[in-house]
Amino acid sequence: MTLRFAAARTAAHSPVARALSHRPNKAASNDNGELFTHDEVLDGALRHFAEHGLNSASAAARNAEQALADGDSKQYAWWLEVCRNFDRGQARRLERTMPAVSNF
(Lines give C-alpha, C1' and ligand atoms only; values in the text may rest on other atoms or scores of the structure.)
Protein backbone atom coordinates (compact mmCIF):
# COMPACT_ATOMS: atom_id res chain seq x y z
CA MET A 1 0.00 0.00 0.00
CA THR A 2 1.38 3.32 -1.04
CA LEU A 3 0.94 6.48 1.01
CA ARG A 4 0.72 9.75 -0.77
CA PHE A 5 1.02 13.07 1.07
CA ALA A 6 -0.79 15.91 -0.62
CA ALA A 7 -0.63 19.55 0.33
CA ALA A 8 -3.82 21.32 1.29
CA ARG A 9 -5.77 22.64 -1.65
CA THR A 10 -5.18 26.23 -0.61
CA ALA A 11 -3.28 27.84 2.20
CA ALA A 12 -6.55 29.11 3.67
CA HIS A 13 -7.62 25.54 4.49
CA SER A 14 -4.61 24.87 6.68
CA PRO A 15 -5.14 25.86 10.34
CA VAL A 16 -1.48 26.78 10.68
CA ALA A 17 -1.59 28.94 7.56
CA ARG A 18 -4.74 30.68 8.80
CA ALA A 19 -3.16 31.36 12.19
CA LEU A 20 -0.01 32.77 10.64
CA SER A 21 -1.86 34.89 8.09
CA HIS A 22 -3.91 36.83 10.66
CA ARG A 23 -2.37 40.08 11.72
CA PRO A 24 -2.69 41.13 15.34
CA ASN A 25 -5.12 43.93 16.17
CA LYS A 26 -3.54 47.32 16.56
CA ALA A 27 -6.10 48.40 19.17
CA ALA A 28 -6.88 46.55 22.35
CA SER A 29 -10.20 44.73 22.47
CA ASN A 30 -11.10 46.40 25.74
CA ASP A 31 -10.30 49.90 24.55
CA ASN A 32 -13.03 52.00 26.14
CA GLY A 33 -11.72 55.37 25.07
CA GLU A 34 -10.10 56.27 28.37
CA LEU A 35 -9.05 59.85 28.97
CA PHE A 36 -5.39 59.03 29.49
CA THR A 37 -3.14 56.24 28.35
CA HIS A 38 -1.31 54.13 30.88
CA ASP A 39 2.04 55.48 29.66
CA GLU A 40 0.93 59.10 30.11
CA VAL A 41 -0.23 58.47 33.67
CA LEU A 42 2.87 56.45 34.52
CA ASP A 43 5.13 59.20 33.19
CA GLY A 44 3.20 61.81 35.19
CA ALA A 45 3.30 59.64 38.30
CA LEU A 46 7.06 59.19 38.06
CA ARG A 47 7.59 62.92 37.64
CA HIS A 48 5.28 63.55 40.59
CA PHE A 49 7.24 61.02 42.67
CA ALA A 50 10.50 62.78 41.78
CA GLU A 51 9.05 65.97 43.24
CA HIS A 52 7.15 64.64 46.29
CA GLY A 53 8.87 61.36 47.17
CA LEU A 54 7.04 59.08 49.58
CA ASN A 55 4.33 61.72 50.09
CA SER A 56 3.28 61.41 46.42
CA ALA A 57 -0.04 59.64 47.02
CA SER A 58 -1.22 62.23 49.53
CA ALA A 59 -0.08 65.12 47.34
CA ALA A 60 -1.89 63.63 44.32
CA ALA A 61 -5.06 63.17 46.40
CA ARG A 62 -4.88 66.81 47.54
CA ASN A 63 -4.43 67.91 43.92
CA ALA A 64 -7.47 65.82 42.92
CA GLU A 65 -9.57 67.38 45.67
CA GLN A 66 -8.47 70.86 44.62
CA ALA A 67 -9.22 70.17 40.96
CA LEU A 68 -12.71 68.96 41.86
CA ALA A 69 -13.27 72.03 44.04
CA ASP A 70 -12.24 74.16 41.05
CA GLY A 71 -14.72 72.29 38.85
CA ASP A 72 -12.05 70.77 36.60
CA SER A 73 -13.18 67.16 36.14
CA LYS A 74 -10.40 66.28 33.70
CA GLN A 75 -7.69 67.35 36.16
CA TYR A 76 -9.54 65.50 38.93
CA ALA A 77 -9.45 62.33 36.81
CA TRP A 78 -5.75 62.86 36.09
CA TRP A 79 -4.77 63.27 39.73
CA LEU A 80 -6.99 60.38 40.77
CA GLU A 81 -5.15 58.10 38.32
CA VAL A 82 -1.78 59.39 39.52
CA CYS A 83 -2.87 58.71 43.11
CA ARG A 84 -4.04 55.23 42.10
CA ASN A 85 -0.52 54.45 40.84
CA PHE A 86 0.87 55.07 44.33
CA ASP A 87 -1.91 53.93 46.64
CA ARG A 88 -5.01 52.17 45.33
CA GLY A 89 -6.71 52.23 48.72
CA GLN A 90 -6.35 55.97 49.03
CA ALA A 91 -7.66 56.41 45.49
CA ARG A 92 -10.72 54.27 46.31
CA ARG A 93 -11.35 56.30 49.47
CA LEU A 94 -11.03 59.49 47.47
CA GLU A 95 -13.55 58.22 44.92
CA ARG A 96 -16.00 57.29 47.68
CA THR A 97 -15.75 60.62 49.48
CA MET A 98 -15.87 62.75 46.34
CA PRO A 99 -19.00 62.86 44.17
CA ALA A 100 -18.81 60.89 40.95
CA VAL A 101 -17.73 63.22 38.16
CA SER A 102 -18.23 60.77 35.31
CA ASN A 103 -17.23 57.26 34.32
CA PHE A 104 -13.47 57.14 33.79
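Keep in mind that the numbers below use all heavy atoms, side chains included, and drop hydrogens, waters and symmetry copies. Since we're looking at a predicted model, the values are computed, not measured.
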Hey, could you give me each pair passing side-chain hydrogen bond (donor to acceptor under 3.5 Å, both in side chains) that has a residue in residues 51-64? Not counting sequence neighbours. none
Partner residues of D39 under the side chain to side chain donor-acceptor pair (under 3.5 Å) criterion, sequence neighbours left out: none
Could you work out, with side-chain contact (heavy atoms from CB on, under 4.5 Å) as the rule, every residue matching R47, not counting sequence neighbours? D43
Approximate separation, where rounding is to 0.5 Å, of E95 CD and R88 CZ: 12.0 Å
Value for CD (E65) from CG (L80), rounded to nearest 0.5 Å, stands at 10.5 Å
Say whether L54 and W79 are linked into one hydrophobic cluster, either directly or through other cluster members, by side-chain heavy-atom distances under 4.5 angstrom. yes
If I take atom CD from residue E40 and atom CH2 from residue W78, how far apart are they, to the nearest 0.5 angstrom? 6.5 Å
For Q90 and A61, which heavy atoms make the closest approach, and how far apart are they? NE2-CB, 3.5 Å
Return the CG to CZ distance between D87 and R92, rounded to the nearest 0.5 Å. 8.5 Å
Once rounded to the nearest 0.5 Å, what's the spacing between atom CD of Q66 and atom OH of Y76? 13.5 Å
Closest approach of A57 and C83, non-hydrogen atoms and distance? O-SG, 3.7 Å
Least distance between heavy atoms, V82 atom then V41 atom: N-CG1, 4.1 Å
